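Numbered from 1 within each chain, the chains take letters A, B, ... in sequence-line order. Keep in mind it's a predicted model, so treat the numbers as computed, not measured.
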Protein chains: 2
Amino acid sequence: MKESIEFQTENKEFTEECHTILTAVSDALYVIGGKWKLMIIIAMARGNKRFTEIQRQVTGISARVLSSELKDLELNGFIVKKVENGYPVSIEYELLPYSQTLEELVNAMTKWGIQHRQKLKAEISAKK
Amino acid sequence: MKESIEFQTENKEFTEECHTILTAVSDALYVIGGKWKLMIIIAMARGNKRFTEIQRQVTGISARVLSSELKDLELNGFIVKKVENGYPVSIEYELLPYSQTLEELVNAMTKWGIQHRQKLKAEISAKK
DNA sequence: CTGTATCCATAACGATACTG
DNA sequence: CAGTATCGTTATGGATACAG
């Protein structure tokens, strides 16, 4: 299957191929789109397991939103909530193996975000 | 710079590194996040240049939203609006070279979306 | 600590109609 | 064809308080 984004003239095959790609990207955005989901997974991949830890690491997220996002992520098979009985009860969230399938995507986005910030910085310097 | 998402024990360095990654991803999401921007760029990379063409290809987008998104994309240096005087006036949107920097990200997302859909299909089959 | 409940503000979006 | 205007709806998220 051809997946590269390319610049080319139109023909009938491209419309179908384009549709395939758009559907795939739409599927992905549906599950991991939005402001927080990838960031939560990244924070967890760095060892943050507790609710408060994650909230501290993911700057700006409120408890209400974090709670809701964690439920979504659990439903979609990225994480699991583990409750350890004891005094007090200890609750940890853990990444499931499926979250590792996002590694390439996260790396690509990180790389792009870094270069984009550098581009903006360069543009601002140029204007002075 | 280390950018991989990995599963490891905590230490002081990770917190900083995590913050770097989260900032980068947050930057990226700010510019290309949301439901439509990547899809519009993909449609355009497949040769769609006219407003109506893009709207037809990006299923479900309204004229109002497309218009607004195109303005954002132009502001951020991804596309340019070209007006050819003539009868009637012809308007085309073209990708700028900067949009090609998204290729790796789009490929990763496409790949992930395809495998995710297959995973869902497999799970549904398994339940029957 | 780990959330939930409530309230409120804003953003995002869809539908429709309309203009040059 | 390429949008804009208007309206209404839903989604999203922040703030605060509160509960187990």
Taking A:M44's backbone N and O only, do any of them form a donor-acceptor pair with A:N48's side chain (distance below 3.5 Å, no angle check)?
no
Using atom CG of B:L70 as one end and atom P of D:dT4 as the other, report the distance to the nearest whole Å.
10 Å
Below the 4.0 Å mark, does D:dT4 have OP1 or OP2 next to a side-chain nitrogen or oxygen of B:K71?
yes
Do A:Q55 side-chain atoms and A:L66 backbone N/O form a donor-acceptor pair below 3.5 Å?
no
Which nucleotide in the list D:dC1, C:dG3, D:dG14 gets nearest to the side chain of A:A63?
C:dG3
Nearest-angstrom distance from the residue atom CD1 of B:I61 to P of C:dT16
17 Å
Return no unless some side-chain N or O of A:Y93 is found under 4.0 Å from OP1 or OP2 of C:dC1.
no
Does A:K81 have a side-chain nitrogen or oxygen under 4.0 Å from the phosphate oxygens OP1 or OP2 of C:dT2?
no
May I ask you to verify if any side-chain N or O of B:K35 is less than 4.0 angstrom from the OP1 or OP2 atom of C:dA11?
no
Give a yes/no answer on whether the side chain of A:R50 brings an N or O atom under 4.0 Å of OP1 or OP2 in C:dT2.
yes
Between C:dC13 atom P and B:Q55 atom CD, what is the distance in whole Å?
14 Å
Tell me, please, whether B:Y93 has B:K82 positioned over its six-membered ring: NZ or CZ under 6.0 Å from the ring centre and within 45 degrees of its axis?
no
Length of the CD1-C1' vector between A:I40 and C:dG3, whole Å:
14 Å
Rounded to whole angstrom units, what separation is found between the CD1 atom of B:I91 and the C1' atom of C:dT19?
14 Å
Rounded to whole angstrom units, what separation is found between the CD atom of B:E69 and the P atom of C:dG14?
10 Å
Separation of C:dC1 atom P from A:F51 atom CZ, nearest Å, is 11 Å
Is it true that a side-chain atom of B:E74 and a backbone atom of B:L70 form a donor plus acceptor pair closer than 3.5 Å?
no
Examine D:dG13: is either OP1 or OP2 under 4.0 Å from a nitrogen or oxygen in the side chain of A:W36? Give yes or no.
yes
Between C:dG14 atom C1' and B:L66 atom CG, what is the distance in whole Å?
14 Å
Quick check: on DNA chain C, is the nucleotide nearest A:R64 upstream (toward 5') of the one nearest A:E92, or the reverse? Name the residue that is more 5'.
A:E92
Go through D:dG14, C:dC1, D:dA2 for me and flag the one nearest to the A:S62 side chain.
D:dG14
Between A:Y98 and B:H116, is any side-chain donor less than 3.5 angstrom from a side-chain acceptor?
yes
Would one find a side-chain N or O of B:S67 under 4.0 angstrom from OP1 or OP2 of D:dG3?
no
